[in-house]
Amino acid sequence: MKRYVYINDENLAKDIYCDNRISNRKYTIWNFLPKNLWEQFSRFMNQYFLLIACLQLWSLITPVNPASTWGPLIFIFAVSASKEAWDDYNRYLLDKKANEKEVWIVRQGIRKLIQAQDICIGNIVWLRENDEVPCDLVLLGTADPQGFCYVETAALDGETDLKTRSIPSACMGIDGVIECPSPDKDIRRFDANMRLFPPFLDNDVFPLTIKNTLLQSCYLRNTEWACGVAVYTVEDFYHVCVEMIRGICGIGNQTKLGMCRGIPEPKLTAVDAMIDKLTGAIFVFQIVVVIVLGIAGNVWKDTEGRKLWYVRYPKEGPWYELLVIPLRFELLCSIMIPISIKVSLDLVKSLYAKFIDWDDQMVDPETGIRSNATNTAISEDLGQVEYILTDKTGTLTENKMIFKRCCISGRFYGNESGDALTDAQLLNDVSTGSADVIKFLKVMAICNTVIPVRSKSGTISYKALSQDEEALVCAASRLRMIFENKNGNILDIKFNASPLRYEVLDTLEFTSDRKRMSVVVRDCQSGEIFLLSKGADETILPLTYTGQQVRTFAEAVEQYAQMGLRTLCLAWRKLDEGEYQEWASMFKEANSTLVDREWRVAEVCQRLEHDLEILGVAAIEDRLQEGVPETIETLRKAGINFWMLTGDKMNTAIQIALSCNFVSPEPKGQLLIIDGKTEDEVCRSLERVLLTTRITESEPKDVAFVVDGWALEIALKHYRKAFTELAILSRTAICCRVTPSQKAQLVELLKLCDYRTLAIGDGGNDVRMIQQADIGVGISGREGLQAARAADYSIGSVSGTSLFNSVSLMAYNVFYTSVPVLVSVLDKDLSERTAIVVFVITIHSYAFEKSEMEEVAMVALSGCIWLQAFVVALETNSFTILQHLAIWGNLLGFYVINWIVSAIPASGMYTIMFRLCKQPSYWVTMILIVATGMGPVLALKYLRYTYRSSKINILQQAERLGGPILSLGIIEPQSRSPLDKDLAPLSITQPKNRTSVYEPLLSESPSATRRSIGPAQRFDYFQSQSPLASTYTRKDN
Amino acid sequence: MNSGTPSSSAAGAGSADSTAPRRNSKRPKYSRFTQQELPACKPILTPKWVIGTFLLVSVIFIPIGVVSLFASRDVVEIVDRYETDCIPEALRNDKVGFIQSDRSKTCQRTLRVPKNMKQPIYVYYQLDNFYQNHRRYVKSRSDQQLRNNGSLQDTGPCKPEDNTAGGPIVPCGLIAWSLFNDTYGFTRNNQQLNVSKRDISWKSDREHKFGKNVFPRNFQNGTLRGGATLKPNVSLSEQEDLIVWMRTAALPTFRKLYGKIEVDLQRDDFINVTLENNYNTYSFSGKKKLVLSTTSWLGGKNDFVGIAYLTVGGLCFFLALVFLLIYLIKPRQLGDPSYLSWNRNPSGH
């Protein structure tokens, strides 16, 4: 669908599209209550509680005071409703502020001040410097004579560099029509055309791109003024309809920003899902119980009950008589789903989220950005992650690129002792003006989209979109090829103090499909036209002119990749004027297509990028984050599978993987590569890998598979089953050259196999993966905030150790500490098992015959409370003062409250508690209940704990005894002393407190012979850090 | 979940550039709580601990069990079941008819004292299969009315025993209406044994639950006669049989205190009981028993506690031994990572 925007024609626009009013609100004052209640009651659990609460209003059947259900129910609803209301109110305030902001618009040549919400499509909006753009505009004019302006798009994509925007080349018009596609959410694309009405130019079509637009919520910088025509406003009638039809939502915010936000699908945690399932199952069980007991009750009543003269059943009951007993049973059973479970779970989850927010360890020391848990509901899943999918750049590595080596026309610069920048040979070549070197440096300096910004003091800093480009330009300037100024299309460069000037004719942009970028420039002195290209080796090297020896370059690429460096090939070609003109018109045409523009442009670019002369290879280092190898090792020891998804070359990826302990080096680990260009090749290679993996499954060998984007595409399309099996078998995978959507596909694949996945990444290309994963962790790093926004957790820090260890730490904390809480939440279940014990003992030991109802009830209740306290104590893994308070305070509180109640004469319980506490038989009964209830539990738990340990048990024991698993990553780096203390809860010092009892026993036992190497070797391992030692840890079973 | 996301993104739109400093200012004050660094003790189940615990429990429990068993054995109890024997043999095929007739229901029983019994000797009546805990029954009383003279009309929950033609019933409700009405008289060697009926109910009930100035009204005046009648001129707080009866029992088999004999009884004494067998337990085949019992510090005769303690203690000892044996025979290194599933099997899971 296209839309036509008539510039400056308000009447026309008003009919079709609506105004610019922002409304992010979910509710209005009037529909808040019904809508909110409706939403809350759409959950099964809430419906159930409501049903129970309503039944309790019927006094004939209720066994307890209705307030016991209504109170908590109303509380829960009030809390979540007021939270919603508060959120909505804040949204309203924000909207109001944005809506009432005053903006200038130009109407009939006169500037008028109106409120932002009154902007119509087709209005010309006039902005001053540092203004926020109120809606999506197409630029019409700027203060700059060449029609440029700069915008900061930080709010949109998180990138802090300034971007240039230009007015459409032939546009000073006032009337015209813009033909643009219906709103979508791609903030990097805007494929539209503009037609100006006569008398200006007769139906000539001008292509518009994203370069000609100002998107909502960007800021205008470094430009005195700019004006543009509104093309997408916030609320737009047409789109509301479309969206309603799609059923996505009723609010149509359709500026690019609005569309981008989207609605992430709510993530349900394992516990949530379990509780939902349990609730359903329990409900069914209840129904069965109610039916059985109800029938039994009615039968008893009619046969036996009528004989009890003292009860005086009426002869004829009302019609609903048969229902009374079943409903009573239903109410009695209703505590099987305790209403408190919901409250407790929500509270606990938000507390964990807060803990994550508060955690001082997860603060990036450089920027001071702390971690932020956006999604409070899924924290407990952090501890249950089985697969971690991680981005490489910026996540494992720092994304601080440094130019390290280069190879220019077969000569290698830079070696172990120093970078290329300090290489004397290179410096010498630069000063003598070796032609190849100069060409190489020129490409480094020109072939990019960097904007130099000169500060007051005269130093030049570079604002670049990609870290690679920044590294190249900086390196070039260190090598005396200084990129000084960019004035529109004119670039000023200074080499050895002699100025050079180039005009950029076209930019053939980088896309992840093309994996290269080129610029066409004209030398302003000589008038010659050049094509300068840089890109990945596999896209550049095949494009050379016939005859050029590419072998040295290929070797250089290989060699650099071996060192874990990112490589870029630089190339150039001189163009004929005619050839360029011919191509330029095609390029222009391709650029103005509305459909499949990206593909068309890529195709046209292809026509120019051939017969290149390779100038050299630049190698850039992407340094590993601090502590990454240790952390990965730790997590892998803990049984978490790691996948690395990267857009890098296979060799680079493998090198990085090796250097961060991702895969083990040769004899121990094995890398299986899946590649191939055709379906058959991929199929064969996949089968081979699968076979190898199956065979080695039982061996203590680390098998990792490596797959590149191309093979992955084929594997996912045609051999999904085989690939899935491989994915399950293999603990490590490296996927290189993958696209964002492939990343998301991989996450989905693992999720389909019922694994809990955590995706971590920092860039825009990770967003989809992060949204797709069970848990998304975004790093607010150099690549912008986009990932952080999409994520459930965002972390400011990019420093590896604290990051990963904190993640594991928080996972650990959440997991372990949630157990006791869940236990206490679920204590009803527990005590049901033990309730029989309590009941039997109470009846026999205390209550036999001379029992009085309230006393017996109280004894049984005390029994439950005692038993529960001990059961919780047994299930609690870590006692802090809080746990002690909760467990024993609960017990004490029980007595205090009951004493108080017993002191009130009017209450039914008057004096009962005092009476009980004076009786020895009460205390004897309590002790008996606790012992009888706990004995079997303790015994079973001990047996299971020691002889059928679960993973958690072993880890706990290991932690307690200073065992190796969790301390692995902590002992290793000595350099990390400041962080060591922070990890205290996780790390335990050397296993010194391993009691001496164990050793002699171990060696005596028959089974110990096999295992006896284990501890010794393992101990050794921690001392010596010998990489081989971990083989033994694996072998020893 | 849903609600948080739009709000944060809306905030982001307006003020993304200010998020960084704002986050900083939100930084909470350092505390060990927020950093989850509270000192923690993390006990794990080492064999030493578990075996020790079980041994300790058995060491404590066995003596307690012995002591309570002795205490229970010291209690002397005489139980006499009389509901069938007290009906003339000829009429035993229509027990309900007999109990509802106007015949004399006096019955003589003789009890032999098996051991010396020290005073006070408690006299209980025990009913069987009597559901004082029936929902309809339990609720059928008005505590307000029992406590206050002014709340005569407070008979709401008492249905169907709330009002007669002559006004509200005091005490109203099924519980009071079905008051137990068998009586016992004791003689030893033709000598009257005095049964004290004072202080058989809870003091708190007499003082706070049953009013001093509340007197029975219209009680057992209805068409259907229930159990015992009350003395019309005695306040409810002094009608101790009623107070005892109104403390409803939790189980269908229950004993209620009838009175106390405040003299010692000697071994092989014969006690004659003159019994008025008035109460109808025949319609629901309930048993009636007369119980004479002494008490110990643990209460009445109850071997269960002692046996249970001995059993639990014994089992704990047994478990401790078993665990010790297992531990000695098949020791297991705690926290050995080689037992981790993923270390055992590289494919995991």
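In what follows, every heavy atom counts, from backbone to side chain, and hydrogens, waters and symmetry copies are set aside. Each chain gets a letter, A, B and so on, in the order its sequence line appears, and its residues count up from 1.
- Between chain A and the options B/F130, B/W49, B/W297, heavy-atom pairs under 4.5 Å are most frequent for B/F130.
- Salt bridge present: B/R141 and B/D143 bring a charged side-chain N and a carboxylate O closer than 4.0 Å.
- With chain A as the partner, the residue from B/S283, B/S178, B/S140 showing the most heavy-atom pairs under 4.5 Å is B/S283.
- Closest heavy-atom contact between B/F180 and B/L127: CE1-CD2, 3.7 Å.
- The disulfide bond (SG atoms under 2.5 Å apart) check on B/C158 picks up B/C172, with sequence neighbours excluded.
- Between B/F54 and A/G935 the shortest heavy-atom distance is CZ-O, 3.6 Å.
- Side-chain atoms of B/D128 and B/T253 include a donor-acceptor pair closer than 3.5 Å.
- Heavy-atom distances place the side chain of B/V138, and not its backbone, under 4.5 Å from chain A.
- Contacts of B/Y122 with chain A are absent, with no heavy-atom separation under 4.5 Å from either backbone or side chain.
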task: Step by step, work out the ring-ring contact (aromatic ring centres under 6.0 Å, His included) result for B/F284 and A/Y310.
output: CA-CA 10 Å; B/F284 49 89; A/Y310 50 89; 5.4 Å; yes
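- With a 4.5 angstrom heavy-atom cutoff, A/R915 touches chain B only via side-chain atoms.
- Taking chain A as the reference chain and counting heavy-atom pairs below 4.5 Å, the highest number among B/Q132, B/E161, B/K203, B/Q144 is found for B/E161.
- The parts of B/Y131 that come within reach of chain A are both its backbone and its side chain, each placing non-hydrogen atoms under 4.5 angstrom from that chain.
- Across B/V57, B/L319, B/I64, B/N280, the residue that shares the most heavy-atom pairs under 4.5 angstrom with chain A is B/N280.
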